[in-house]
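Letters go in sequence order (proteins before strands), and every chain restarts at 1. Computed from a prediction, not measured in an experiment: that's the story for all the values here.
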There are 2 protein chains.
Amino acid sequence: MAKSVSTFMLRQRAFLKLYLIKLVEEERLYGLEILETLKGEFKAYGYKPTHSEIYKSLHELMADGILDRYRRPKEGTKLQEVVYYRFNDLEEAKRYKKQLKVELDRCVGLLQKALKDNYR
Amino acid sequence: MAKSVSTFMLRQRAFLKLYLIKLVEEERLYGLEILETLKGEFKAYGYKPTHSEIYKSLHELMADGILDRYRRPKEGTKLQEVVYYRFNDLEEAKRYKKQLKVELDRCVGLLQKALKDNYR
DNA sequence: GGATGAACAGTATGTTCATAA
DNA sequence: TTATGAACATACTGTTCATCC
């Protein structure tokens with residue numbers, strides 16, 4: 001059930017989902033940790049995602065069947081439960097990544113065309 | 001009265017305004033001719049602007065004080081009047097272009113980071 | 001039918017509120 | 001206070017409608 005691709009630029013949601021897949025591959029983080037990690041990553045690029053976009057992106061990845069979630073006590077503590085994510089369908093995740101590559105290339109091409117056409 | 005810059009990606013409207021400034025510099029075209037020209041330009045990039053985005057972008061450039069408009073019979077005909085555009089404030093146009101350059105560079109940087117971080 | 005523009009509708013995304021621990 | 005999520009509000013953009021040649 002692929003979303004129809006936005007015609008002009010890729011949407012923030014799609015961009016975040018790509019990074020969420022990467023983070024789930026690499027480390028175990030819960031929602032707000034993910035948020036802080038990504039804020040750090042993108043700070044130099046003037047982009048600061050919000051908690052609600054992160055959660056919505058995670059939920060969308062679950063609706064896509066790519067991730068699922070489990071509750072577990074936060075590292076170090078015994079009491080507070082937080083939500084972690086893992087892959088439900090790794091093949092689907094790979095397919096999503098591959099698709100995003102095409103879209104990212106297209107968008108870079110469009111923006112670079114604008115730079116070429118309008119400057120110097 | 002600059003619009004606050006979208007944090008994630010530049011908006012379609014801003015992108016179109018940049019190209020509209022370029023077209024007004026280069027040739028005299030009215031709305032639907034501009035639309036067809038830009039459809040041709042971006043076809044290879046999977047982007048197809050709509051007539052209503054073009055008109056809204058033109059109107060916004062007038063509201064910004066950058067362009068103004070005049071009616072004139074369509075080339076070749078005597079009867080039908082169409083709307084052409086010319087610069088009202090060329091300095092402001094240059095300022096807009098300069099600002100967009102920064103934003104385009106930022107966006108390309110963000111997308112290329114995503115390519116670098118997520119693929120090979 | 002071509003040209004311009006406005007109205008309307010849907011979607012994308014940010015801000016605020018609710019709940020729990 | 002931190003964590004999660006939903007609700008709400010707004011911004012962006014595409015589709016449809018209206019009007020005028």
**Student:** Round to a whole Å and report the spacing from CD of B:E60 to C1' of C:dA6.
**Tutor:** 16 Å
**Student:** A:Y85 has a side chain; which of D:dG5, D:dG14, C:dG5 sits nearest to it?
**Tutor:** D:dG5
**Student:** Given the rule that I, L, V, M, F, W and Y join up when any side-chain heavy atoms are under 4.5 Å apart, are A:L90 and A:I66 in one cluster?
**Tutor:**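 Yes, A:L90 and A:I66 fall within the same hydrophobic cluster.
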**Student:** Between P on C:dT13 and CG on A:L35, what's the gap in Å once rounded to a whole number?
**Tutor:**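 After rounding, the reported distance stands at 16 Å.
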**Student:** Which residues pass the salt bridge (Lys or Arg N to Asp or Glu O under 4.0 Å) test with A:D68, sequence neighbours left out?
**Tutor:** A:R86
**Student:** Counting only side-chain nitrogens and oxygens, does A:R11 get under 4.0 Å of the OP1 or OP2 atom of C:dA12?
**Tutor:** yes
**Student:** For residues 18-28 of chain B, run the donor-acceptor check on the side chains, cut-off 3.5 Å, and write out each pair with its distance to 0.1 Å, sequence neighbours left out.
**Tutor:**
from  : atom 1 : to     : atom 2 : distance (Å)
B:Y19 : OH     : A:D117 : OD2    : 2.7
B:K22 : NZ     : B:E26  : OE1    : 3.4
B:K22 : NZ     : B:E26  : OE2    : 3.2
B:R28 : NE     : B:Y70  : OH     : 3.4

**Student:** Using a cut-off of 4.0 Å on non-hydrogen atoms, how would the nucleic acid contact of A:Y47 be classed: base, sugar-phosphate, or nothing?
**Tutor:** nothing
**Student:** Which nucleotide sits closest to the side chain of A:V83: D:dT4, C:dG14, C:dT13?
**Tutor:**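 The listed nucleotide nearest to A:V83's side chain is D:dT4.
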**Student:** Can you measure A:M9 atom CE to C:dA12 atom C1' for me and round it to whole angstrom units?
**Tutor:**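 Result: 16 Å.
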**Student:** Going by atom type alone, with no hydrogens or angles, which donor-acceptor pairs under 3.5 Å involve a side-chain atom of residues 37-47 of chain A and a protein atom two or more places apart or on another chain?
**Tutor:**
from  : atom 1 : to     : atom 2 : distance (Å)
A:T37 : OG1    : A:E33  : O      : 2.8
A:E41 : OE1    : B:K113 : NZ     : 2.7
A:Y47 : OH     : A:Q12  : OE1    : 2.7

**Student:** Atom CD1 of B:I34 to atom C1' of C:dG2: distance rounded to whole Å?
**Tutor:** 15 Å
**Student:** Protein within reach of the bases, or only the backbone? For nucleotides 15-21 of chain C, mark each nucleotide 5' to 3' as B, S or -, using heavy atoms under 4.0 Å.
**Tutor:** BB----S
**Student:** Rounded to whole Å, please give me the gap between CD in A:E33 and P in D:dT4.
**Tutor:** 8 Å
**Student:** With clusters defined by side-chain heavy atoms of hydrophobic residues (ILVMFWY) lying less than 4.5 Å apart, directly or transitively, does B:V108 cluster with A:Y119?
**Tutor:**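 Yes: a chain of side-chain contacts under 4.5 Å links A:Y119 to B:V108.
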**Student:** Given atom CD1 of B:I54 and atom C1' of D:dT13, what is their separation to the nearest angstrom?
**Tutor:** 12 Å
**Student:** When the distance from OH of B:Y55 to P of C:dA7 is rounded to whole Å, what number comes out?
**Tutor:**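 For the pair B:Y55 OH and C:dA7 P, the rounded distance is 16 Å.
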**Student:** If you only use heavy atoms from C-beta on, which nucleotide in C:dT4, C:dG5, D:dT13 is closest to the side chain of B:H59?
**Tutor:** C:dG5
**Student:** Please enumerate all residues that pass side chain to side chain contact (heavy atoms under 4.5 Å, CB included) together with A:R69, with sequence neighbours excluded.
**Tutor:** A:M62, A:R71, A:V83, A:Y85
**Student:** In chain order, what residues pass the ring pair (Phe, Tyr, Trp, His ring centres under 6.0 Å) check against B:H59, with sequence neighbours excluded?
**Tutor:**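 In terms of ring pair (Phe, Tyr, Trp, His ring centres under 6.0 Å), with neighbours along the sequence ignored, B:H59 is linked to no residue.
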